[in-house]
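Order of listing sets the numbers, starting from 1, for every ligand and every atom in it.
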Amino acid sequence: MLPRLKYFFFLFIFLSFFSISQFLFRKTPFFIHSPNSDLKKKPVHLLVVSSWRSGSSFLGQIFNHHNDVFYLFEPGHSLWMKFSGESSELLHFPLRDLLRSLFTCDVSPLRQYLHKGGKHISELGFFAESRALCTPPACSAFMPTEGYDRLKCYYRCRNTSLNKMAESCKTYSHVVMKTVRILDLSVLLPLFRDPALDLRILHLVRDPRAVALSRKSFTLNIEDRIVLKSDGNTNITISRVMKKICKSQVDINNVAKAAEVLQGRYMTIRHEDLSNEPLKHIKKIYSFASLYLTKNLEQWVYNITHKEVEGIMTFSRDSSKVVQKWRTALKFNFVKQIQDNCKEAMDLFGYRSVRSEEEQQNLTLGLVNQE
Ligand SMILES: *[C@@H]1O[C@H](CO)[C@@H](O)[C@H](O)[C@H]1NC(C)=O
Ligand SMILES: *[C@@H]1O[C@H](CO)[C@@H](O)[C@H](O)[C@H]1NC(C)=O
Ligand SMILES: *[C@@H]1O[C@H](CO)[C@@H](O)[C@H](O)[C@H]1NC(C)=O
Ligand SMILES: *[C@@H]1O[C@H](CO)[C@@H](O)[C@H](O)[C@H]1NC(C)=O
């Protein structure tokens with residue numbers, strides 16, 4: 001009897017040691033059933049929420065250049081163009097469904113919104129903005145030494161199928177998308193209770209006066225009509241659109257602060273802070289997204305913020321000087337209109353109003369509150 005007990009004792013010791021070591025090295029022991037049978041960690045899903053002309057393309061590029069990220073630029077664009085007579089409020093719901101599907105690498109809803117039925121990624125106007133769509137496994141038209149080149153990608157990767165895009169998506173640990181088409185965050189709340197998702201919201205805001213200036217040289221007729229549609233006003237002006245957009249930025253922040261499911265899953269970033277100290281903020285953003293900042297990426301950030309790099313959206317021109325450009329380029333009357341329409345947003349996000357043309361023109365007077 002005794003040798004047998006000894007045998008069980010050693011077996012017990014062995015199994016305990018085995019399971020502790022398995023626990024420590026985070027592998028599932030063979031005798032414990034894992035509901036997640038493929039043992040893969042759930043991918044991280046991050047949505048950059050912003051508005052037009054707020055620097056979200058650049059922020060998107062910061063994710064796009066990370067090797068672990070499958071990034072899509074404005075996947076809601078084709079949906080809005082397909083239903084351009086509708087309101088942003090109505091389009092929120094198909095957009096939510098589209099985002100949810102794409103986060104889980106399901107491209108089927110997207111096909112319905114593309115003009116040729118979604119055969120090739122070239123139907124997505126901005127496919128070359130996605131490094132993941134310009135490199136293997138989605139596109140094999142490049143030598144490993146060539147790296148990501150959006151212009152060459154535009155010509156060489158057009159024929160990638162949407163199926164291939166979906167397959168490629170599944171190989172990444174992070175799926176990131178950016179959208180300017182969410183004006184009400186409460187629409188997305190069900191996604192935070194979805195067990196298939198690990199969703200985080202990065203909310204990018206910018207000084208409304210700088211946004212208004214940028215809008216003056218960039219027409220967004222279709223988008224503005226959709227944004228203002230439900231207000232029944234057909235006379236679309238920049239200051240009316242800005243009023244609605246500013247209100248939506250405040251609402252998004254309020255929903256995020258009130259919703260328990262968003263605790264630790266929501267972060268705001270100001271365009272001005274990112275412009276003035278890119279590396280510092282990129283570190284914060286990556287940490288929020290559970291991404292590592294590699295030496296190579298750090299070098300890349302340095303490059304794009306200090307010199308113009310071919311093939312990459314230049315940010316150097318968009319730095320601290322551009323933050324102030326509206327102060328000399330806009331008339332005080334117009335500035336006042338924007339300030340009146342956006343007062344709540346400006347107070348909330350830390351932008352100070354000017355009371356006179358003198359204050360507006362006095363560039364030593366800082367108008368962005370310290371963090
Ligand atoms: C894509 O397909 C079209 C039509 O089959 C073909 O003419 C074109 O050369 C292809 N382009 C590339 C880059 O493979
Ligand atoms: C549109 O609104 C602006 C500003 O309120 C006004 O000056 C203009 O006359 C209006 N245009 C039309 C066609 O109603
Ligand atoms: C940064 O720029 C230098 C010099 O132009 C270049 O040699 C290097 O490859 C660049 N690095 C990255 C990561 O873009
Ligand atoms: C500009 O603003 C600074 C800082 O508030 C102030 O000290 C200075 O007197 C102002 N200059 C003029 C010309 O008003």
Side-chain angles (χ1 to χ4, degrees), residues 107 111 114-144 146-165 167-168 207-209 211-213 215-216 219-247 272 276 311 320-321 323-343 346 350-370:
V107 296
R111 288 185 204 280
L114 297 175
H115 55 285
K116 287 181 190 156
K119 264 185 90 160
H120 299 128
I121 59 169
S122 56
E123 291 172 52
L124 278 166
F126 310 113
F127 76 92
E129 298 300 317
S130 297
R131 191 192 51 84
L133 297 179
C134 298
T135 46
C139 178
S140 314
F142 290 96
M143 304 298 286
E146 280 183 287
Y148 168 47
D149 182 326
R150 63 153 63 78
L151 193 62
K152 285 181 189 158
C153 171
Y154 184 79
Y155 293 107
R156 292 194 208 168
C157 301
R158 309 184 60 75
N159 290 350
T160 295
S161 69
L162 258 71
N163 287 341
K164 204 105 191 243
M165 167 179 167
E167 269 172 48
S168 163
D207 189 327
R209 297 160 295 195
V211 173
L213 171 65
R215 277 180 156 269
K216 276 183 176 271
T219 48
L220 289 159
N221 296 335
I222 298 174
E223 285 84 353
D224 288 350
R225 223 170 49 221
I226 296 174
V227 167
L228 289 184
K229 163 103 181 170
S230 65
D231 302 7
N233 197 330
T234 49
N235 185 359
I236 293 168
T237 61
I238 290 181
S239 90
R240 286 211 180 93
V241 176
M242 286 308 296
K243 182 172 185 158
K244 178 137 183 192
I245 283 172
C246 283
K247 183 178 182 310
E272 294 76 14
N276 292 333
S320 13
K321 255 183 238 154
V323 169
Q324 299 266 48
K325 195 171 161 210
W326 67 268
R327 297 183 70 170
T328 47
L330 291 179
K331 292 214 165 67
F332 177 64
N333 263 349
F334 182 69
V335 168
K336 208 167 159 312
Q337 240 178 60
I338 301 294
Q339 288 180 168
D340 289 345
N341 286 348
C342 291
K343 184 171 187 333
M346 289 179 59
Y351 300 111
R352 258 175 274 159
S353 295
V354 289
R355 286 161 299 181
S356 63
E357 189 158 2
E358 289 69 48
E359 280 192 0
Q360 182 186 331
Q361 306 276 344
N362 181 355
L363 297 187
T364 52
L365 182 68
L367 297 177
V368 179
N369 289 344
Q370 295 299 307

Show every donor-acceptor pair shorter than 3.5 Å between a side-chain atom in residues 236-243 and any protein atom, with sequence neighbours excluded, or say none if there are none.
residue: T237; atom: OG1; partner: R240; partner atom: N; Å: 3.2
residue: S239; atom: OG; partner: Q337; partner atom: OE1; Å: 3.1
residue: R240; atom: NH1; partner: N235; partner atom: O; Å: 2.7

Numbered atoms of ligand 4 (with element) below 4.0 Å of N362, judged on heavy atoms: 1 (C), 2 (O), 3 (C), 8 (C), 10 (C), 11 (N), 12 (C), 14 (O)
Distance in Å, R209 CZ paired with L367 CG, rounded so as to fall on 0.5 Å steps: 5.5 Å
Contact atoms of ligand 1, heavy-atom distance to Y155 under 4.0 Å: 13 (C)
R156 N/O under 3.5 Å from ligand 1 N/O: no
Test item: E359 side-chain N/O and L365 main-chain N/O as donor-acceptor pair under 3.5 Å: no
Ligand 4 atoms in contact with T364 (distance to a heavy atom under 4.0 Å): 1 (C), 2 (O), 3 (C)
Residues forming a ring pair (Phe, Tyr, Trp, His ring centres under 6.0 Å) with Y154, sequence neighbours excluded: F127
pair check: C246 + C342, SG-SG < 2.5 Å: yes
Qualifying ring pair (Phe, Tyr, Trp, His ring centres under 6.0 Å) pairs, either residue in residues 219-238, two or more places apart: none
Sub-4.0 Å heavy-atom environment of ligand 2, residues by chain: N235, R240
Cysteine SG atoms at C134 and C157 closer than 2.5 Å: no
S230 vs K244, side chain to side chain donor-acceptor pair (under 3.5 Å): CA-CA, chis, key distance, verdict: CA-CA 11 Å; S230 65; K244 178 137 183 192; 3.2 Å; yes
